[in-house]
Structures are given as structure tokens and as C-alpha cells.
Amino acid sequence: MSEATRFNPHVADTRWQQIWEEQGTFVADDASDKPRSYVLEMFPYPSGRIHIGHVRNYTMGDVLARYRKMQGHEVLHPMGWDAFGMPAENAAMEKGVHPGSWTRENIENMRAQLKRLGFALDWNREFATCEPEYYGHEQALFLKLFEAGLVYRKESEVNWDPVDMTVLANEQVIDGKGWRSGAEVERRKLSQWFLKITDFADELLDGLGSLDKWPDKVRLMQENWIGKSQGGLLRFGLSNGETIEVFSTRPDTIFGASFMAVAADHPIAQAAAEADEKAAAFVKQCKAGGTTAAELETAEKLGFDTGLTAQHPFDPGKQLPVYIANFVLMDYGTGAVMGVPGHDQRDFDFASKYDLPIIRVVAQDAADACKPFDGEAEPGDGVLVNSGEFDGLAVEEAKAAIIARAEEEGWGEGQVQYRLRDWGVSRQRYWGTPIPIIHSPDYGPVAVPEDQLPVALPEDIDFSAPGNPLDRHPTWKHVTCPISGKPAVRETDTLDTFVNSSWYFLRFASQPEDRPFDPDVIAKWLPVGQYIGGVEHAILHLLYARFWTRALTRIGMLDVKEPFASLFTQGMVTHQTFKHGDGSWLTPDEVKKNGADWIVIADDTPATAGRVEKMSKSKKNVVDPDDIVDQYGADAVRWFMLSDSPPERDLEWSEAGIEGCWRFVQRLWRLFGQIGAGGAGADAEVDRALDRKLHQTIASVSEHIEALAFNKAVAAIYDLTNAIEKASFSASRSQAIHVLRLLVAPMMPHIAEEAWAIAPSPGGLVANERWPQVDESLLIEDEVTIAVQVKGKLRDTVTAAKGLPKDELEALALASEKVQRNIDGAEIRKVIVVPDRLVNIVI
RNA sequence: GCGGACGUGGCGGAAUCGGUAGACGCUGCAGACUUAAAAUCUGUUUUCCAACUGGAAGUGCGGGUUCAAGUCCCGCCGUCCGCACCA
């Protein structure tokens, strides 16, 4: 085939990308009176190169954005950069480059990579969170929350790396050691800034109910994360005259309590440690214990008897020993628990070890009051036994009754407890938003005055030593108190990068210079109509963004409750892995297939094909988007991203798959070239079957794009293409090819534009065209295929006019020779007829 | 341990309400065109029996409901994911 009849993406891609840019095709107009669509994909971290996972993510969003535009919507489809974070600082430490220049250079590269894929983005709204034009507004928002009392400072335990002199996130502690330095991580108390997300626990939980276009999985994960439990706060008098307060979800089991246990950090434990060396040693041992999942699972329940006892509120003769225990957490509830061994497994284990009484207070029925335990606790439902006046009550009734009594007598009350904790946002790092606070010697932490915002990061910084470069900068932190004018010290911690991504979707919608956003413009675009990203953000980012939005709404800056009306979590892109005989990884293009086996191309030694896994550099199974766009063009790559796998599942990259997409691009191109083919005579013909197929395809492609079922939309387009190719020339065929250009436009925009421009051309851009309308009258089949079953087994199919009455269908079915052969003279007991579908003859 | 999702050909996957299982793509095989290759086109590709018409089995396993089950119900098995000493 000559080059002229091939689609050449290297020429076409850039041509159309330039034209879209010149014409501002995808620039969103705030003032538009069209219906609006805000399509957003999670913005990338500028690591240096676009990853194939980004390509999949942005292709999905792009299809939807282009489709909505063709439906006549004003579409907001922005892109920007989540540009603060540790990798930039690591690069600074390793290569001596400034985090800012490293980041900005990466952004340049990645922007160019994205542009090559032809995404319908409004680049006018692009921003990077690392620029003062963004983070300055973030500081203003932070101060608004500070004024409203939603930000506070408190001492908190953190993972401290003594070598790097920085706080580490839990994920950065590997086997108790710092991930970079390898140093033993210490628990250290530091003053940290917190956002009061717990104030919104109930709202955030209830709000999930309205998010019916979110995956159930994500809602459930958030629900569990918030972790609401209903119970009672109970107070017991101690032998030393003080009081111990515990939270329990099972106040009904109070008669089964046989001990109390407190966390190592609990004041009672601290007091005991001060008075007694052994107690101090035990407390130390508890703190040294690992916190990894595996360690916790195998860790033995250990306790230390403080010698104190607690008075049981219902039994004056009953004194419960108070232990310090390694399984009690300080930061949940009150840091103290009531031990009920019979009905809680941990308490059971503990009581068994220390020979404490195990009392049954819940049983299947009253007769089982003395039934022994079968080696484990019984946390289930039942009725109360051995519980004095409460005997016979069901568990739920008993909870209410005992809480009511506690309230009456003043030793407790009903309480709702959350697992969710306040969000610690302080980071001892340079490359983040400076926390806009000044520590005044007289007034404590004071907000930086608004006219001094942004608090910009200093450029001249030193990464040669570990620790926070802001803290050791010679001048930056030395300021004066905004109130007294006396010397004061700037806060040198920066904000968690999750703060940056908690409001970027607002800034995309509205970006005035003098304030974070204009609520009136926000009101036009928000909530985001479709948000697309990886499920790894199911909890943190999505919960923080929901919180931030609600917090801004509560303080009156905004009127949006839920930022993302519809959420879609896409799967990963995976690829086969290969290994050498010696176990080292091989890239997929270093091997080839040799019969059923794989061999290394370079030296013909055998290779082993490993699992299909998420692309990662270490396993050498990555493909670079630039390389494949070079080879196949943007459209083939985009088409591959949408084909085969349902978008929520993983997509396996394969050479054969992308080759197939490339062939399809060329097939389409040949077909587009035939748009007016067949001559005048042929053009007069109408092909009803093809017309119907076309309109069925329009309907199904539309429906599938709406549902983000791109793999099904792709299949429908293949199906139509096959049908057009097989059909003989006719006006219908030309029309079908014409419409096919529109149908593929959201997915393969470059070839669609190229085809739209060839004669007979309607002019303009296909990107601005209207999405084809379905002719409902053409959807109706006039003939249908009826399945004929005998005793539920398919024996024949017959063709019938649509809507044929039941008795006629039955007659038609019975007329079938195959059916008669299968009935074989037997008596017909019953005939089931489903109009336009099937006839089942029961013998 | 708790919670959730999923199991369909050689592979990715389709299959509105329970109504023709395997659409569509990939791979493989056979053929056409070509000096040849590439590209393209045609046929074929769940398994087994029969090889002309056909027949049987079949959606992880075992039961059940129904005229009819991939789909609904009960019980297993397996894979993946999230949380995890949360009182």
C-alpha cells in the first residue's frame, strides 16, 4: 500500500493539536449559558515522565469530556500539577538540584508528553501547587480555618528519624527503620498542627449516603475509616480515690467485667511508672513493641497489675484489678477499657493468661446461664444472664437500660466514638506550603497578616545537611510579631501535600488573582460531574477533599457539600514480566517467543515469563508513553487504553494488542476514504439493515460512554465497522461512514478530524460537531429471531415478524421439523411463549 | 480476625428484567493475493462424539427454586483488595 493511502499520525496528530490550541477549542467559558460538565482526572505528581497509567486515566476523562462537548455542553476539563512533595527534595539531596527547578523541568517534559496525546484540556487554567500563586491562597484558606477554630496545635507522637532529622509518615517506616537512612525510628513528641476533621466525622459519614454515583467499595472504605461506634462512657471509682473512665460498645456486659486495662501512655500508667520501677520497665517495653500488622497479630497480650482496684457500680463487694496492658491504645476512646473476658476475645486471652474470672453474662437463653466457654469468647447476640435485675433482657435492650441507669446515677453516659482522628498536617520539610503562622513570645502562635501573604519559600537553601532546611536558613524564620512588633519566629513546618490536593478542583473552576476562588463561579461548575482516578486515593485524598470542601462551606466561603458528584476508580495498567535464568529482570523487548518458550534475544538463553504485574521500573515491565506514541500515534494508544478490559479492572499492555489497534486505525482510514464511493446509481440505494445497525450503534455507544463502559463502546464500534465493510455500496453505507467519523471522535480525535476534513467535507472541526442523534424508528427490528426450546433446551430458531401474537408464535414453533422430532409424539403439557423472544414446549 | 469484590474458551472479556452463553478484540490454524516478505482479504478457533443433516456436555465445586439459571437461594473452594489489638 502506498503511503498516501495510509493514515500518518506523525503528521496528523500535531496538525490537529495545533489547530485545537490555536482555536481555543477546549477553553471553558465561565459565562456560557449551555449546560455544564466538569470532568476531572486526579492531577499528576510531576515525577519526570508520564506513566502509562496516566495515559489510561486521562484518556477515559478525555472521551467523556469530548463526548459531553459534542452533546452541546460547556465542558471544564482542566489539568495541573500536584507539585510539592518529597521526591523533589530527594533529588535535591542526591543530585544537588534545586527542588523548584527539578519540579518545573519535570512539568515542562510531562506537559509536552500529555499534549502529544491530544487531550481536550483547557490549558489556560493550568497551575502547579508549588507556585506562590497557588499556595499563597492555600495559606489564606488555612488562616480562615485557623480563625474559625478548625486548626489547632498539640503535642503528638511522631515517627522521628534521628539521622535525617525529620518526621516520617507511617508508610516511610520499614521494619522500624527510616526508609532512607535505615536508622532506628524513634517515637518522639512534637508540637504539630492539626485540622479538626473529627468535627466533621458525622457529616462526612452521613454525606456518603448521598454519593450514589461513587463505587460502593470506596464509600465502604471511608465508612470503615471514619469508624463510628455507639457505646457508653463509664466511670469507675478507684481504690486511690481517683476515677477511671472507659469507653465500651458493650455496656450490657458490665456484670462480666473482671478487670480494667489502661494504655501505657495513660495517666494511671504514667503515675504507676513514676512510683514503681517495674511498672516503668513494663511501660517502656510496651512502647518498644512493634506496630506492624504482623507483629501485632502474633504479639502476646501482656499486662502489669498496678495494685489499684476499681469499684464495680452494681456490686459493692466487687473490686476489679487495674492493669497496664500492651493491647490498649491511648488514642482511641479514653485509653482505658473494661475487660469482659467472656464476650471479647482479647479480654479472654488476657484473662486466661492472668487467671482472671471469665463470667458469662450473655447466653442464647436463660437456661444456658452456666454454660461453659468453648475456649473462646462469645461476642454474639443473646439475652443477659448473671446480671442481676437486667437478666433476661436482649443485648440491645440491656445496652440502653444500663446506660440509662449510669446516667441516672451519674457514673456514665451514652457516647459515640470515632476511629477517625484529627489530621496532622505539619511536615518538617522544605518543599511544601509554609504554614503561615508566627510564634510570638507574648501571644503564642499568631496568624501571618493577610497583606503579608504569600509566605514564600526562600530560594537560597542548603540541602547538604539532614533536617529541615527552612529551620536552619539564616534569616527566613526571623520575623517580628504582628501584634507587638517584637522579634518572633516563623513556623518552619510546611503543610502535608494532601492539603494541596484538597482544594485544587476549586481553583481549577475559578482562579481570581486576589483570592482563592470566586464562590459564584464555583457554584456554576461544582460539584465535579465526573472524577476519575486510582483507587489508592479511596480514603485519604478523597476524604480530605470532602472535609476541606465542607469546612470551607461551614465557614461561609463556599456553598458546596460534596465536591465530587460521581467518582470512578480505574484499574492499573499491567504487563507481563520476564526473568533471566539467574533471576534478574528482563525488559519485554529483550525476549522473544521460541515455540512455547521464551528466549533472550541477545544470546538465545532461556528466559522465564513471570506474572502479569503492575508496571514498575524495578521489574522492567514498563512501557514509555512517548515511545509508543512515536510508534503508533496517539489514536492507536488511546484506543488501546479503552479496549478490552473494563475500565475499573486492570488492563494488560501487550504488543499484539497495540498492533491490533494500529491495524484498526488504518482500517478506519481506508473506510473513511470510501465515504462517497459506489457511484451515483449505488448512492440511491437504501440499506435498511445497515441503517438499523448504525442507529443501534449510535444508541449503544452513547449509552456505554455515559456509563464509562468504554470497552463496550469500542466493541460496538468494531461491530459497526465490520457491518459497513461487508455492506455493498449505498447511500446508507456512505451515511454510516459519515457518522462513524463522529462516533470515533471522542476516542480517536486525530483521525476523526483528518477524516472530517476530507471531501465531501462539512467544514469545521469534528470536535465542535454535534453528537449523532438516534432515529428511534430505525431501532425497531421488523423481524426477530425466536428461540424454540423443548423442555428448556434449544432445538431450533425461527424468524418471525416482530410483535407476532403468542398463538401464532406457538404455531410457528410447532411447525418446526426439528421441534417435532424432539417432541417425538409425546404429549405437550404446557407451552411458554415470551413474545419476540422464545417459545418453550414442555412435554 | 473483620469487611468487600471477583471466579465464563488458549487470552482480555460480552450476555438490560431469569429467556439462543461465548458478542467484540487478541492469539492460533488453513487459504487467497505476491517472485518473496510486509500489508490486506477469506474461512476457522469452548470441549467431546459424528464429520452431510447432527448430537452431547459446558459459565470454580455441591445442592436447591423454576417451563427455563452465568444470572436467584443455600453450603463449600479459590483468587484479589481494604482495614486491622478500635474496646
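Convention: sequence-line order gives letters A, B, ...; per-chain numbering from 1.
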Any base atoms under 4.0 Å from A:Phe247, or only sugar-phosphate, or nothing? Heavy atoms, all strands. base
Does B:G25 have its OP1 or OP2 closer than 4.0 Å to a side-chain nitrogen or oxygen of A:Tyr718? no
For B:C33, decide between syn and anti, treating a glycosidic angle within 90° of 0 as syn. anti
Given that A:Asn840 and A:Val337 both sit by RNA chain B, which one's nearest nucleotide is further toward the 5' end? A:Asn840
Between A:Leu651 and A:Ser643, what is the shortest heavy-atom contact and its length? CD1-O, 3.8 Å
Would you say B:A57 has OP1 or OP2 under 4.0 Å from some side-chain N or O of A:Lys793? yes
Residue pair A:Gln576, A:Asn621: steps toward the side-chain contact (heavy atoms from CB on, under 4.5 Å) verdict: CA-CA 7 Å; A:Gln576 175 116 52; A:Asn621 62 339; over 6 Å; no
So, OP1 or OP2 of B:C67: does either fall under 4.0 Å of a side-chain N or O from A:Lys830? yes
If the test is side chain to side chain contact (heavy atoms under 4.5 Å, CB included), which one of A:Val362, A:Leu384, A:Asp344 qualifies with A:Thr253? A:Val362
Using ring centroids (six-membered ring only for Trp), state whether A:Trp653 and A:Phe640 fall under 6.0 Å. yes
Taking atom P in both B:C6 and B:C52, what distance in whole Å separates the two? 44 Å
Base, sugar-phosphate alone, or nothing: which one does A:Ser643 contact when heavy atoms must sit under 4.0 Å apart? nothing
Just by distance, no angles: are the side chains of A:Thr574 and A:Asp650 close enough, under 3.5 Å, to form a donor-acceptor pair? no
Between B:G3, B:G55, B:A39, which nucleotide has the shortest distance from any of its atoms to the side chain of A:Arg795? B:G55
Atom-to-atom span, CG of A:Asn224 to P of B:C81 - whole angstrom: 18 Å
Separation of the P atoms in B:C80 and B:C41, to the nearest angstrom: 40 Å
Sugar-phosphate only, base, or nothing, as touched by A:Arg419 at under 4.0 Å among non-hydrogen atoms: base
With a 4.0 Å cut-off on heavy atoms, is A:Asn711 in touch with a base, just the backbone sugar-phosphate, or nothing at all? sugar-phosphate
For B:C24, the nucleotide meeting Watson-Crick or G-U wobble distances (both under 3.5 Å) is B:G12
Nearest to the A:Glu703 side chain among B:U16, B:C85, B:G13, which nucleotide is it? B:U16
On a whole-Å scale, what distance lies between the P atoms belonging to B:C29 and B:U46? 16 Å
Rounded to whole Å, CE of A:Met221 lies from P of B:G3 at a distance of 16 Å
Would you indicate what A:Asp719 reaches in the nucleic acid, counting non-hydrogen atoms under 4.0 angstrom: base, sugar-phosphate, or nothing? sugar-phosphate
Under 4.0 angstrom, heavy atoms only, what part of the nucleic acid is A:Val834 near: base, sugar-phosphate, or nothing? base
Starting at the 5' end of RNA chain B, which residue's closest nucleotide do you reach first, A:Lys712 or A:Glu725? A:Lys712
B:G9 glycosidic conformation (syn if within 90° of 0, otherwise anti) is syn
Single hit among A:Trp662, A:Tyr718, A:Tyr632 for ring-ring contact (aromatic ring centres under 6.0 Å, His included) with A:Trp639: A:Tyr718
Gap in Å between the two P atoms, one belonging to B:U79 and one to B:G60, rounded: 16 Å
Quantified in whole Å, what is the P atom distance between nucleotide B:G43 and nucleotide B:C26? 15 Å
Of the listed nucleotides (B:C83, B:C85, B:C86), which one gets closest to any side-chain atom of A:Tyr332? B:C86
What is the distance from CD of A:Gln230 to P of B:C86, rounded to the nearest Å? 18 Å
Protein-nucleotide distance (A:Glu659, atom CD; B:G12, atom C1'), rounded to Å: 17 Å
Answer yes or no: does a side-chain N or O of A:Lys818 lie under 4.0 Å from OP1 or OP2 of B:G54? yes
Side chain to side chain contact (heavy atoms under 4.5 Å, CB included) with A:Lys693: which of A:Asn722, A:Leu720, A:Ile724? A:Leu720
Using a 4.0 Å heavy-atom cut-off, does A:Leu220 contact any base of the nucleic acid, only the sugar-phosphate backbone, or nothing at all? sugar-phosphate
Listed nucleotide nearest any side-chain atom of A:Ala715, set B:A23, B:A87, B:U20: B:A23
Could you work out the separation of B:G12 and B:G28 based on their C1' atoms and round it to a whole Å? 16 Å
In whole Å, I'd like the distance from the CG atom of A:Leu794 to the C1' atom of B:A21. 11 Å
Check if the side chain of A:Arg421 and the base of B:C86 share a donor-acceptor pair of N or O atoms closer than 3.5 Å. yes
For B:C26, does OP1 or OP2 lie under 4.0 Å from any side-chain N or O of A:Arg663? yes
A:Gln789 CD to B:U20 P, in whole Å, measures 8 Å
Are the aromatic rings of A:Phe350 and A:Tyr323 close, with centres under 6.0 Å apart? yes
Respond yes when some side-chain nitrogen or oxygen of A:Arg346 is under 4.0 Å from OP1 or OP2 of B:C86, and no when none is. yes
Centre of A:Phe373's six-membered ring, under 6.0 Å away, within 45 degrees of the axis: is that where NZ or CZ of A:Arg360 sits? yes
Can you tell me the Watson-Crick or wobble partner of B:A39, both distances under 3.5 angstrom? none
Output the rounded distance in Å from NZ (A:Lys217) to P (B:C80). 14 Å
So, does A:Arg795 use its side chain to make a donor-acceptor pair with the main chain of A:Val788 at under 3.5 Å? no
Within the 4.0 Å heavy-atom criterion, would you say A:Ser229 contacts the bases, only the backbone, or no part of the nucleic acid? sugar-phosphate
Heavy atoms only, 4.0 Å cut-off, all strands: where does A:Asp347 land among base, sugar-phosphate and nothing? nothing
Using the side-chain heavy atoms of A:Ile832, tell me which of these nucleotides is nearest: B:G19, B:G54, B:G82. B:G19
Would you mind reading off the distance between A:Lys693 atom NZ and B:C24 atom P, rounded to a whole angstrom? 8 Å
By the 4.0 Å heavy-atom rule, please label A:Val328 as base, sugar-phosphate, or nothing. base
In Watson-Crick or G-U wobble terms, with both distances under 3.5 Å, the base opposite B:C76 is B:G60
Please state the C1' separation for the pair B:A57 and B:U16 - nearest whole angstrom. 29 Å
Does the structure show a Watson-Crick or G-U wobble partner for B:C2, both distances under 3.5 Å? Name it, or say none. B:G82
May I ask you to verify if any side-chain N or O of A:Asn722 is less than 4.0 angstrom from the OP1 or OP2 atom of B:G25? yes
Nearest-Å distance once atom P is located in both B:U45 and B:G4: 43 Å
Do A:Lys301 and B:C85 have a side chain to base donor-acceptor pair shorter than 3.5 Å? yes
B:G13 OP1/OP2 closer than 4.0 Å to side-chain N/O of A:Arg649: yes
